[in-house]
Protein chains: 2
Amino acid sequence: MTATEAPRGTAQAELAGPATAAGPGALAGLSSRSRALRPSGKVLPEHARSHNRALVLQTLYTTGAQSRADLARGTGLTRVTVSDLVAELMGEGLVVELGQREDARPGKPATLLDVARSAFRIVGIDVSGHRVVRGAVLDLSGTILERAESPLGGATGERAFELVAELAARLVGLATAPVLGVGIGTPGVVDPRGTVRSAPNLGWADLPLQARLSARLGLAVHATNDANAAVLAEHGAAEADDLMLVKIGHGVGAGLIVGGRLVTGSGFASGEIGHVVVGTDGGPRCVCGRDGCLEAWLSVPRLTEQLDALGADADEAARDDVLAEAGRRLGIVLAPVVGALDLPEIVLSGPAHLLDGPLIAAALETLRKRTMAEQTRDLRLRMTAHGQDIVLHGTAVMVLSGELGVS
Amino acid sequence: MTATEAPRGTAQAELAGPATAAGPGALAGLSSRSRALRPSGKVLPEHARSHNRALVLQTLYTTGAQSRADLARGTGLTRVTVSDLVAELMGEGLVVELGQREDARPGKPATLLDVARSAFRIVGIDVSGHRVVRGAVLDLSGTILERAESPLGGATGERAFELVAELAARLVGLATAPVLGVGIGTPGVVDPRGTVRSAPNLGWADLPLQARLSARLGLAVHATNDANAAVLAEHGAAEADDLMLVKIGHGVGAGLIVGGRLVTGSGFASGEIGHVVVGTDGGPRCVCGRDGCLEAWLSVPRLTEQLDALGADADEAARDDVLAEAGRRLGIVLAPVVGALDLPEIVLSGPAHLLDGPLIAAALETLRKRTMAEQTRDLRLRMTAHGQDIVLHGTAVMVLSGELGVS
DNA sequence: GAAGTTTGTTCGTAAGCTTTACTAACTTTC
DNA sequence: GAAAGTTAGTAAAGCTTACGAACAAACTTC
């Protein structure tokens, strides 16, 4: 009996989490399979199986087209087991054969396999913009195929949710292949079940974003904080297991990966460094009422305002001073975090014309001056390469990871 | 890789590197069995088995005496499987039957089981003292049964290693039951294989402490940074999955647990916050040459010196001011870390007469003032309950975790 | 004393991965 | 040009692991 014929519907139904609705058609079995649901800890054979299945898919995803034998060597599993898992994955449409390898080697020519990167779509939504909700349809490689956006127009609460839901539905409609899942990055505190505990700007409090959207779309939905999504996007490319991403926009927030895993925090509020006070010499008044919060120093509105105040014909040096001062403040706040976590890399996301230059240089210099040389000698501080789409890319990583165990 | 699951066990696997020799006799099979050997991925049935074995042991360890049926309910495994695993554990001498349960209930009376807490010993060594190396023999519950120490006498390099090795051997000799393993907490940067990459005070650089000691004693050895050991000790008792421990002595260091796992850092130098500069208003000159490092503000020699300078008949308020200022400085450094990680709890270790009072109060107040209210409202900042023995207890936790998968 | 309950074991089964052995299909070598 | 060697993928058998069903033991309750 081949794996594809195996009637395992019951097992899937049991594994499927209550919060995430399974998709229709070919996807019905997918979302449940790869997730390791181990609330209290025991490991059953089927868990091992799904782990190995995800491992094969992951290897194929990151290493690219290769044969079953290559996969066996790469994963440490035997060729037999790999063949079995691949048959299962092919049965679900996630993996396809590309044909025989061309190069001339002794032995039977290998049949190349690859993830069916165009067989499924991911819908990503970025609610972190101040004026618009942005969305996209991506393929399994994370390439953006379609875009759409909705002006937020100051909407909050239920109206804001409605805008998000409509945009998501519109994008699902644009998808020309089955949708694997929908990912959402939103500001605020989001718990692991995708409930927005608190997002003041959007007027959301205890909004079960993931559950409601999942019910409405009939698709698997994953929601997380926008900075967390961003750091997932960056981690997808980076090889490092420790990474911090600082997202600078209207507010300032961060996402952290430590030991290869996303840090959520005890109250799901990790990365909220925007209202940490910087230094011991005061600073600009913050919207939160205190003086010298990081956000008061560094937010895009504040920087823009300061630069505008210099006038259009301002000295280059004067502009640089403003930006360098903001960078120094960022460095001051990051130094203890870098020291405590021994971080090798920090990535900034936000308007490059403000961040990429004197600001980032001053931040790195400040970090070096305020931490042990051994730790920050190799520290990298750089702009993201994802640009404006970082949250969208991150939501795709989240869906891939959540649905297929791939990142 | 599955985000929630893939790297699990890495901490253990890394802690127990290939350098760890298995013990003799009854212990020969233990150390290898419980370790989750999953460098990059595949899961075999035997891995699942060892995981479940550790789960049973862990449940028994933390919940205390209970029946096989209780264990089955607690772990989610069936009674059959639990019986099988318990038989294996009893065969290795790790679990014993205590006799029938006394209370009057319908049904066949249950046979109570417990971890054989006195059947094995753990030897712990604390090299973090400035003048002496301290050691102890502990049972599996972490109770200290014997103590021994060696004056360091300014020894460094090979002589210091010799002192440690001799103390360890002496303690192994004092043990009246088979030794499960030896744990060492040392200052400096220690990699996952127990090699001390750098410990300036001891004159150690790239010293394979774990491997050499393991070869010499013929026992499993685990070595880690002293602050990491300390936070493991604290975590053993705490229920929280996120925890920071700040160890204040001659130097200042920290150990971090995030998401239930020890943070090692990209260069194995996590927690090195002693030489992070505090604030933007200068400060005392540090041994590292900079002004205003945390260690320059907060180290025990510095505090003692300041208090001594006040004179023996000093005002109580003056003493409090000195300590409160140090506490404020600690709060300033910790605020960004608390914000970034959303930490629920910070524990201090060090001389209570200095730390437990105005210092800790000022630190907490400063933390509250410099972070978002939502995050620090429930923040706990307290002294450790382990006192001077925190590193010794931590080394025991490390051995338990590394050898048995129990913590 | 009968009925019900709980414990712990025995026996057979399903799932999963491995080893061993095989065929297919190619390159290299003589 | 044929034999030898190499590699890919499959098939069969076996081992490990955990499960479910059934059962005996031993107790409480009625």
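No experiment lies behind these values; they were computed from the predicted model shown. Letters A, B, ... mirror the listed sequences (proteins, then strands); counts begin at 1.
Tested against B:V123 for a side chain to side chain contact (heavy atoms under 4.5 Å, CB included), the candidates B:V399, B:L219, B:V179, B:L180 yield a single pass: B:V179. Exactly one of A:L57, A:V96, A:L94 qualifies for a side chain to side chain contact (heavy atoms under 4.5 Å, CB included) with A:V115. That residue is A:L57.
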Legend entry - Steps toward salt bridge (Lys or Arg N to Asp or Glu O under 4.0 Å) verdict (A:R53, A:E46): CA-CA 10 Å; A:R53 200 187 91 110; A:E46 69 203 73; over 6 Å; no
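Summarising the geometry, the separation between CG on A:D84 and C1' on C:dA14 is reported as 15 Å, rounded to the nearest angstrom. Between the CG atom of A:L85 and the C1' atom of C:dC17 there is a distance of 10 Å, given to the nearest Å. Atom CZ of A:R53 and atom P of C:dA15 are 17 Å apart (whole Å). Put simply, CZ on B:R49 is 16 Å from C1' on C:dA15, counting in whole angstrom units. Distance CD (B:E102) to P (C:dT6): 19 Å, rounded to an integer number of Å.
Residues passing the side chain to side chain contact (heavy atoms under 4.5 Å, CB included) test with B:R101 are B:S67, B:D70, B:D103, B:R105, B:A110, B:L112, sequence neighbours excluded.
A:R73 comes within contact range of the sugar-phosphate backbone alone, with a heavy-atom separation under 4.0 Å but no base atom that close. Contacts of B:N52 with the nucleic acid, taken as non-hydrogen atoms under 4.0 Å apart, involve only primed sugar atoms and P, OP1 or OP2.
The residues A:R49 and A:D84 are annotated as salt-bridged, a charged nitrogen and a carboxylate oxygen being separated by less than 4.0 angstrom.
With a 6.0 Å cutoff to the six-membered ring centre and a 45° limit on the axis angle, B:R193 does not count as a cation-pi contact of B:F268.
A distance-only check finds a donor-acceptor pair linking the side chain of B:Q210 to the backbone of B:A223 [under 3.5 Å]. With hydrogens and angles disregarded, no donor-acceptor distance shorter than 3.5 Å links the side chain of A:R79 to the backbone of A:R68.
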Legend entry - Summary of protein contacts for nucleotides 18-30 of chain C, nucleotide by nucleotide, where a base hit scores B, a sugar-phosphate-only hit scores S (4.0 Å, heavy atoms): BB----BBBS---
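A:T176 and A:R121 form a side-chain donor-acceptor contact under 3.5 Å, judged by distance and modelled atom types alone.
Taking only side-chain nitrogens and oxygens, B:S83 never comes nearer than 4.0 Å to OP1 or OP2 of C:dG8.
When DNA chain D is scanned 5' to 3' for any atom under 4.0 Å from a heavy atom of chain A, the first and last hits are D:dG5 to D:dC19.
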